[in-house]
Amino acid sequence: MLKKLLPIVLTFVLALSLAACTTPENTEPPAEPPAQEEPAPEPAPAPEPAPEPAPEPVAEPAAEPAPEPAAAVTLSYRPGAIDFEDGNMGFVMVDTSPADASKEVEVSIADVNGAKMLKIETLADGKPYVAIDASSLLGDAVANIASMEATVMTEHPDGNFYATSGLILGYIGEGRTEVKKPWSVFIENKNPNLAKFEMGANQMVAGANNFFVFTLEEDNGEGAVVYIGDICFLDAAGNVLPVDTTVGFDAPAGFGQLDISNLIGVGGEVDLGLTGSSTGAWGQAVVAQTIKNEGGTFDPALVTEGSVVTVFYKSGLVPELIFQSWTDGAPSTAGWAKVAPAITNDSGTVAQFMYEDILAAFGSDDFASFLDAFNVGDTGEALDVIKVTIGTAKPDSPYSAEDRSNLVDVTDEIDLALTGETAGGWGQAVVATSTKNDGGTFDPSVLAPNCVVTVYYSSALPPELILQSWTDGAPDTAGWAKVAPTYTNNSANCAQFTYADMVASFGTEDIVTYLDNFNIGDTGEAINVIKVTVGIAAQ
């Protein structure tokens, strides 16, 4: 429009200018000036170009808003969801008993994107097992659960996103049968994500201590922190079942502890680092070739007289060992030697295999020459092998190798055959006189440089060593040298004392000359000393 009007306006202005230069009719013309020579006409100036019309203003495009950070997915609009706003978490319990469980898991309630969530931090090697007590939360209504939903979010210490996944384990029915369902957080813009556990044909039972357990199985980063919030238990119609979050966790018998029922003690136990799964139908969850074959990892020299192989597993049926040979000269029985467990625990999670059974099945004790593969197989149902160890049978000792947290590795370990009890009050559960004294049984030469004394015990407080001397010339400190443990494990049933600490308290390295009594005492609470060993700290 502006372009059309401009020429009209210019024409109108030009007409006005011409009219202004015309002489009016009633005015006399001025006298003519003297004639002059007309100068050469100057070239007419080039007409000025008409100014270009100003462009019509164009609106600036609106800046796109910065993307908002992902907000926490919540289910709190559904009344009855456990949102942890009340600060209650007594219905939550960490289970450190599985063989692959971390012994240090910290659970707390944290603020996340304006909401409260259960925060799970794994502080030591292993997986977190965090249980939610459905039976206590719902009472008899636990039998009405058709599904469970929860918001799951993960984060990593370096601030980057990494995919994570885990399992929700349901322990369902009278026998608390384990049922697995996966959860995952694989995409950054779906962190947090919704985890679902559909009960299907399974049904929880009132009064049967049924519960759910969250685990973290795969972490593509390092040190994932898991958050769980807005937990809903739903009936078949999708209604949220009401819960009482003031309850405490009602743990069934044995929950949170490794079931060591029936198991025999094992000394010098070595973790073989073997894990695996099979889908059933008599398949092999573990196949480890021996080191005599190229690429082999299993050392057959570990299989010696008195050996015990202990398999930690999950399955409806016990596993079996299969010792396999394809070497010329091997006994015919060694081609596929199947070994049944000699001992299993009551809960069907640990199986022990004895040397004599292995020998009878394989047909030769020359494992170094003839063993080609060490296998762990299922017996008709899916099998998860969590850990496999081998050590030497200690039939009179309890099985106590399940918790080695915080302890140093010890080689050439010797069982000192020392046991005893006190009723508390700083008494001595073990008093062993040195062999340099009449009737003495304790050889002080075992307390050599770099040695470690390990005491397996049962007490609310750890024990102490007391190195005692009444020999002339001994340092004053050696009369009653008390030594505190250098290391204790998380389950507080094992304490270790190093040579350096013993010498520092006793006052001399000449233990053979001056030690008269080797004592183990309580520190104020009743104690039962189950086993005492000495060995050399592994380098």
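All values below come from the heavy atoms of this structure, side chains included, with hydrogens, waters and symmetry mates left out.
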**Request:** Output yes when a side-chain donor or acceptor of Asn489 lies under 3.5 Å from a complementary backbone atom of Cys494, and no otherwise.
**Result:** yes
**Over all atoms of both residues, closest heavy-atom pair of Asn209 and Pro252** = CB-CB, 4.0 Å
**Message:** Walk me through whether Asp83 and Lys116 qualify under salt bridge (charged side-chain N to carboxylate O under 4.0 Å, His left out).
**Reply:** CA-CA 6 Å; Asp83 58 12; Lys116 301 285 189 186; over 6 Å; no
**Prompt:** Does a donor on one side chain and an acceptor on the other come within less than 3.5 Å for Asn345 and Ser261?
**Reply:** no
**Request:** Flag this pair as yes if the NZ/CZ of Lys387 is under 6.0 angstrom from the six-membered ring centre of Phe312 and inside a 45 degree cone about the axis; otherwise no.
**Result:** yes
**Prompt:** Counting N and O atoms only, with roles assigned by atom type, does the side chain of Thr486 sit under 3.5 Å from a partner on the main chain of Thr498, one being a donor and the other an acceptor?
**Reply:** yes
**Complete:** When Ile132, Val92, Val226 are each screened for side-chain contact (heavy atoms from CB on, under 4.5 Å) with Phe214, the one that passes is Ile132
**Prompt:** Does Asp100 reach the main-chain N or O of Gly126 with its side chain, forming a donor-acceptor pair under 3.5 Å?
**Reply:** no
**Request:** Check whether the side chains of Thr245 and Asp86 place a donor and an acceptor atom closer than 3.5 Å, and report yes or no.
**Result:** yes
**Message:** Can a side-chain donor-acceptor contact be found between Ser278 and Asp378 if the only test is distance below 3.5 angstrom?
**Reply:** yes
**Asked** About how many Å separate OG of Ser459 and CG of Asn528, when rounded to the nearest 0.5 Å?
**Response** 9.5 Å
**Item:** Nearest-0.5 Å distance, OG1 of residue Thr533 to CG of residue Asp415
**Value:** 7.0 Å
**Asked** Have Asp372 and Thr327 got a donor and an acceptor in their side chains that come within less than 3.5 Å?
**Response** yes
**Prompt:** Tyr162 vs His156 aromatic rings, parallel, tilted or perpendicular, using cut-offs 30° and 60°?
**Reply:** perpendicular
**Request:** Using a 4.5 Å cut-off on heavy atoms from C-beta on, say whether the side chain of Tyr313 contacts that of Val318.
**Result:** yes
**Request:** Kindly compute the distance separating CG (Asp111) from CD (Glu85), expressed to the nearest 0.5 Å.
**Result:** 8.0 Å
**Nearest atoms (heavy-atom pairs only) where Gly170 meets Phe197** = N-CE1, 3.7 Å
**Message:** Assess, by modelled atom type and distance only, whether the side chains of Ser102 and Thr122 contain a donor and an acceptor separated by less than 3.5 Å.
**Reply:** no
**Message:** Can you confirm whether more than 12 heavy atoms, excluding those of Asn160, are under 6.0 Å from its CG atom?
**Reply:** yes
**Request:** Could you pull out the closest heavy-atom pair between Pro463 and Ile520, with the gap in Å?
**Result:** CB-CG2, 3.9 Å
**Message:** Just verifying a value: how many Å separate Asn189 CG and Ile187 CD1, rounded to the nearest 0.5 Å?
**Reply:** 6.0 Å
**Request:** Could you tell me whether the side chains of Asp522 and Tyr457 share a donor-acceptor contact shorter than 3.5 Å?
**Result:** no
**Prompt:** Under 3.5 Å, is there a donor-acceptor pair between the side chain of Gln352 and the main chain of Ile264?
**Reply:** yes
**Prompt:** Can Lys127 and Glu217 be counted as an ion pair, charged N to O under 4.0 angstrom?
**Reply:** yes
**Message:** Taking the side chain as everything from C-beta on, heavy atoms only, tell me whether Val112 gets closer than 4.5 Å to Met153.
**Reply:** yes
**Asked** Is any side-chain heavy atom of Thr290 closer than 4.5 Å to a side-chain heavy atom of Asp299?
**Response** no
**Message:** Are more than 12 heavy atoms, taken from residues, nucleotides or ligands other than Tyr487, located less than 6.0 Å from that residue's OH atom?
**Reply:** no
**Asked** Can you tell me how far CG of Leu118 sits from CE of Met89, rounded to the nearest 0.5 angstrom?
**Response** 5.5 Å
**Message:** Taking the side chain as everything from C-beta on, heavy atoms only, tell me whether Val179 gets closer than 4.5 Å to Leu169.
**Reply:** no
**Request:** Give a yes or no answer on whether the side chain of Ser307 reaches the backbone of Thr304 with a donor-acceptor pair at less than 3.5 Å.
**Result:** yes
**Message:** Within the 3.5 Å criterion, strictly below it, is a donor on Thr379 or Glu320 matched to an acceptor on the partner's side chain?
**Reply:** no
**Asked** Are any non-hydrogen side-chain atoms of Ile386 and Thr275 less than 4.5 angstrom apart?
**Response** no
**Item:** Minimum-distance pair of heavy atoms, taken over all atoms of Val185 and Lys190
**Value:** CG1-O, 3.9 Å
**Short side-chain to backbone donor-acceptor contact, Trp183 and Ala150, under 3.5 Å** = no
**Item:** Spacing of Phe212 atom CZ and Ile172 atom CD1 [to the nearest 0.5 Å]
**Value:** 6.0 Å
**Request:** Identify the two heavy atoms, one from Phe233 and one from Ala134, that lie closest to each other, and give their separation to 0.1 Å.
**Result:** CE2-CB, 4.2 Å
**Request:** Classify the side-chain pair Asn210/Ser135 by whether it contains a donor and acceptor separated by less than 3.5 Å.
**Result:** no
**Asked** So, does Asp230 use its side chain to make a donor-acceptor pair with the main chain of Ala81 at under 3.5 Å?
**Response** no
**Prompt:** Between Asp235 and Leu241, is there a donor-acceptor pair closer than 3.5 Å when you use the side chain of the first and the backbone of the second?
**Reply:** no
**Asked** Can you check side chain to side chain contact (heavy atoms under 4.5 Å, CB included) on Val286 and Asn375, steps first, answer last?
**Response** CA-CA 5 Å; Val286 168; Asn375 311 317; over 6 Å; no
**Message:** I need the minimum non-hydrogen distance between Tyr129 and Ala101, along with the two atoms involved.
**Reply:** CD1-CB, 3.7 Å
**Prompt:** Can you check whether Val225's main-chain N or O pairs, donor with acceptor, with Thr154's side chain at less than 3.5 Å?
**Reply:** no
**Prompt:** Can you tell me if Thr151 uses its side chain to pair, donor with acceptor, with the backbone of Ile228 under 3.5 Å?
**Reply:** no
**Message:** The test is side chain to side chain contact (heavy atoms under 4.5 Å, CB included); show your working for Val534 and Thr454 and say whether it passes.
**Reply:** CA-CA 6 Å; Val534 65; Thr454 304; over 6 Å; no
**Asked** Would Tyr171 and Glu178 count as having a side-chain donor-acceptor pair, cut-off 3.5 Å?
**Response** yes
**Message:** Measuring only between side-chain heavy atoms, which start at C-beta, is Asn293 closer than 4.5 Å to Trp326?
**Reply:** yes
**Prompt:** Where do Val455 and Phe497 land on the side chain to side chain contact (heavy atoms under 4.5 Å, CB included) test, with the steps shown first?
**Reply:** CA-CA 8 Å; Val455 178; Phe497 303 81; 3.8 Å; yes
**Request:** Would you indicate whether the side-chain heavy atoms of Gln496 and Val408 approach each other to under 4.5 Å?
**Result:** yes
**Message:** Is the ring pair Phe362/Phe367 parallel, tilted or perpendicular, if the boundaries are 30 and 60 degrees?
**Reply:** parallel
**Message:** Atom CG of residue position Asp125 - does it have more than 12 heavy atoms of other residues, nucleotides or ligands inside 6.0 Å?
**Reply:** no
**Heavy-atom side-chain proximity of Lys338 to Trp282 below 4.5 angstrom** = yes
**Message:** Can you classify the ring geometry of Phe84 versus Phe91 as parallel (below 30°), tilted (30 to 60°) or perpendicular (above 60°)?
**Reply:** parallel
**Prompt:** Should Leu272 and Leu302 be marked as a side chain to side chain contact (heavy atoms under 4.5 Å, CB included) after you check the CA-CA gap, both sets of side-chain angles, and the distance that decides it?
**Reply:** CA-CA 10 Å; Leu272 297 177; Leu302 294 170; 3.6 Å; yes
